[in-house]
K.L.:
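The structure's right below; bear with me while I get my questions together.
Keep in mind that the numbers below use all heavy atoms, side chains included, and drop hydrogens, waters and symmetry copies.
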Amino acid sequence: LKSTRQIRSAIYNHQIKNGHGYIFSQLSDKQLDKYINGKLTNPDGSKPTPAQMDLAKSERTARKRERELKRKKAAKKNNINIDLYLGNEVYFENDMLSLVFDKEATTLNNTRYLLFELPMTTEVNNLKEVIFSLRVKGVVPIIAHPERYTTFQEKPNALIDLIEQGCLFQCNIGSLVGVYGKEANKCVRVLLKHNMVHFMASDTHHANGKNYNLLLDAKKELVDLVGK
């Protein structure tokens, strides 16, 4: 992988294994660029390996919580009436369970609710087993944007068994207004009409996320579909 874009694509399509996808997902584009070009270095000048970056997980978690506190204080200082909570949208990987149980991946506001996403075009054969393992540990799984996965677009009824297992589903508001294509738009409407959606979210990962501007249009579509 020779570019930031290739790494982001590999992470997005779950092609980076052994937890390294999660590690790289925590780096900014600038840090990834430095890593690729050998400019992200250890104190001795050597290039860090994924294993060395893996050792820094607890430190990154601490920094996340520190940033959370700073943002809360800044909001209060500027009289911004908003509640901020720390969480992750975790990438589904072979070792996702260990990341969660070792508290290296963050649940929503340190509660028992875990938000994670699946591969977009590949069916996860052991998904029911993973959900069972999470539920046994008292964790409530929330699967992000099911309407965007090819598997659920083709078989939306597949959500029924997962819901009966105790899984919740969070759809994207952008899907209601066509941001993610016709199939996602069609699927989210089917799921909403059949009461298989528990949450709607912006899926905004950055402060300048375009989905903020779609909230009113998406709300109108939502009300038309399911009422107030």
Side-chain angles (χ1 to χ4, degrees), residues 4 7-8 11-12 19-36 39-43 48 50 52-93 95-117 134 137-145 168-177 179 197-219 222:
T4 298
I7 290 179
R8 291 288 184 217
I11 293 171
Y12 193 68
H20 295 155
Y22 175 76
I23 296 166
F24 284 124
S25 74
Q26 305 303 298
L27 299 180
S28 66
D29 285 349
K30 186 179 291 185
Q31 287 173 317
L32 276 177
D33 191 55
K34 284 184 177 181
Y35 179 80
I36 293 164
K39 295 178 181 178
L40 186 66
T41 61
N42 293 317
Q52 286 173 318
M53 288 194 288
D54 188 61
L55 293 173
K57 284 177 181 175
S58 59
E59 182 182 341
R60 285 197 303 276
T61 300
R63 286 203 301 268
K64 285 180 188 176
R65 298 199 181 282
E66 184 180 345
R67 288 197 298 269
E68 177 194 17
L69 289 173
K70 284 183 179 179
R71 287 166 180 160
K72 284 183 176 181
K73 289 178 180 178
K76 186 175 181 180
K77 181 179 179 181
N78 290 279
N79 296 315
I80 300 173
N81 187 24
I82 186 173
D83 293 322
L84 299 173
Y85 302 102
L86 184 63
N88 270 148
E89 182 180 33
V90 182
Y91 290 96
F92 186 96
E93 296 182 292
D95 65 343
M96 184 185 79
L97 290 177
S98 63
L99 289 172
V100 174
F101 297 150
D102 293 341
K103 300 188 183 302
E104 292 169 356
T106 313
T107 57
L108 299 178
N109 192 31
N110 201 32
T111 64
R112 61 195 183 108
Y113 293 91
L114 175 73
L115 177 68
F116 66 92
E117 66 171 306
L134 290 169
K137 291 285 188 177
V139 178
V140 180
I142 304 173
I143 295 181
H145 41 71
L168 304 177
F169 288 93
Q170 174 178 290
C171 290
N172 288 356
I173 59 167
S175 297
L176 275 171
V177 288
V179 171
V197 180
H198 302 90
F199 313 101
M200 296 296 295
S202 69
D203 198 41
T204 298
H205 289 253
H206 307 284
N208 60 349
K210 62 182 179 181
N211 285 345
Y212 283 126
N213 300 321
L214 303 174
L215 283 170
L216 291 179
D217 289 340
K219 181 180 178 182
L222 191 59

K.L.:
Can you see which heavy atom on Ile173 is nearest to which on Ser202, and at what distance?
P.N.:
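Heavy atoms of Ile173 and Ser202 come nearest at CG1-CA, 3.9 Å.
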
K.L.:
Of the non-hydrogen atoms in Leu114 and Val100, which two are nearest, and what is the gap between them?
P.N.:
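What the structure gives for the nearest pair is CD2-CG2, 3.6 Å.
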
K.L.:
For Lys137, what residues pass the salt bridge (Lys or Arg N to Asp or Glu O under 4.0 Å) criterion, not counting sequence neighbours?
P.N.:
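Here no residue qualifies.
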
K.L.:
Roughly how far apart are Thr107 OG1 and Asn109 CG, rounded to 0.5 Å?
P.N.:
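Thr107 atom OG1 to Asn109 atom CG measures 8.0 Å (nearest 0.5 Å).
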
K.L.:
Suppose we screen for side chain to side chain contact (heavy atoms under 4.5 Å, CB included). Which residues come up paired with Asp102, at least two apart in sequence or across chains?
P.N.:
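So Asp102 forms a side chain to side chain contact (heavy atoms under 4.5 Å, CB included) with Ser98, Glu104.
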
K.L.:
Please find the pair of heavy atoms, one from Asn172 and one from Met200, that lie closest to each other, and give the distance.
P.N.:
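Heavy atoms of Asn172 and Met200 come nearest at O-CE, 3.6 Å.
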
K.L.:
Write down the atom of Leu84, the atom of Lys72, and the distance for their closest heavy-atom approach.
P.N.:
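Nearest heavy atoms, Leu84 then Lys72: O-CE, 2.6 Å.
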
K.L.:
Report yes if some heavy atom in the side chain of Glu117 is under 4.5 Å from a heavy atom in the side chain of Tyr91; otherwise report no.
P.N.:
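A side-chain contact under 4.5 Å exists here.
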
K.L.:
State the CG-CE distance between Leu134 and Met96, to the nearest 0.5 angstrom.
P.N.:
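Reported to 0.5 Å precision, the distance equals 5.5 Å.
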
K.L.:
Could you check whether the rings of His198 and Phe169 sit parallel, tilted or perpendicular, using 30° and 60° as the cut-offs?
P.N.:
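Answer is parallel, since the angle falls under 30°.
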
K.L.:
Mind checking what makes side chain to side chain contact (heavy atoms under 4.5 Å, CB included) contact with Tyr113, not counting sequence neighbours?
P.N.:
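Residues passing side chain to side chain contact (heavy atoms under 4.5 Å, CB included) with Tyr113: Leu108, Thr111, Val140, Ile142, Leu168.
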
K.L.:
Taking C-beta and beyond as the side chain, do His145 and Glu89 meet within less than 4.5 Å on heavy atoms?
P.N.:
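Yes, side chains in contact.
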
K.L.:
Sequence neighbours left out, what passes side chain to side chain contact (heavy atoms under 4.5 Å, CB included) with Leu216? Give chain and number order.
P.N.:
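Residues passing side chain to side chain contact (heavy atoms under 4.5 Å, CB included) with Leu216: none at all.
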
K.L.:
By side chain to side chain contact (heavy atoms under 4.5 Å, CB included), which residues pair with Leu69, not counting sequence neighbours?
P.N.:
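Listed in chain order: nothing, the list is empty.
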
K.L.:
List for me each residue that meets salt bridge (Lys or Arg N to Asp or Glu O under 4.0 Å) alongside Lys77, sequence neighbours excluded, and say none if there are none.
P.N.:
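With neighbours one apart ignored, the set is empty.
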
K.L.:
Quick one: closest heavy-atom pair of Leu115 and Ile143, and the distance?
P.N.:
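That would be CD1-C, 4.5 Å.
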
K.L.:
Using every non-hydrogen atom in the two residues, find where Leu176 and Ala218 come nearest and quote the distance to one decimal.
P.N.:
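Here Leu176 and Ala218 meet closest at CD1-O, 3.7 Å.
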
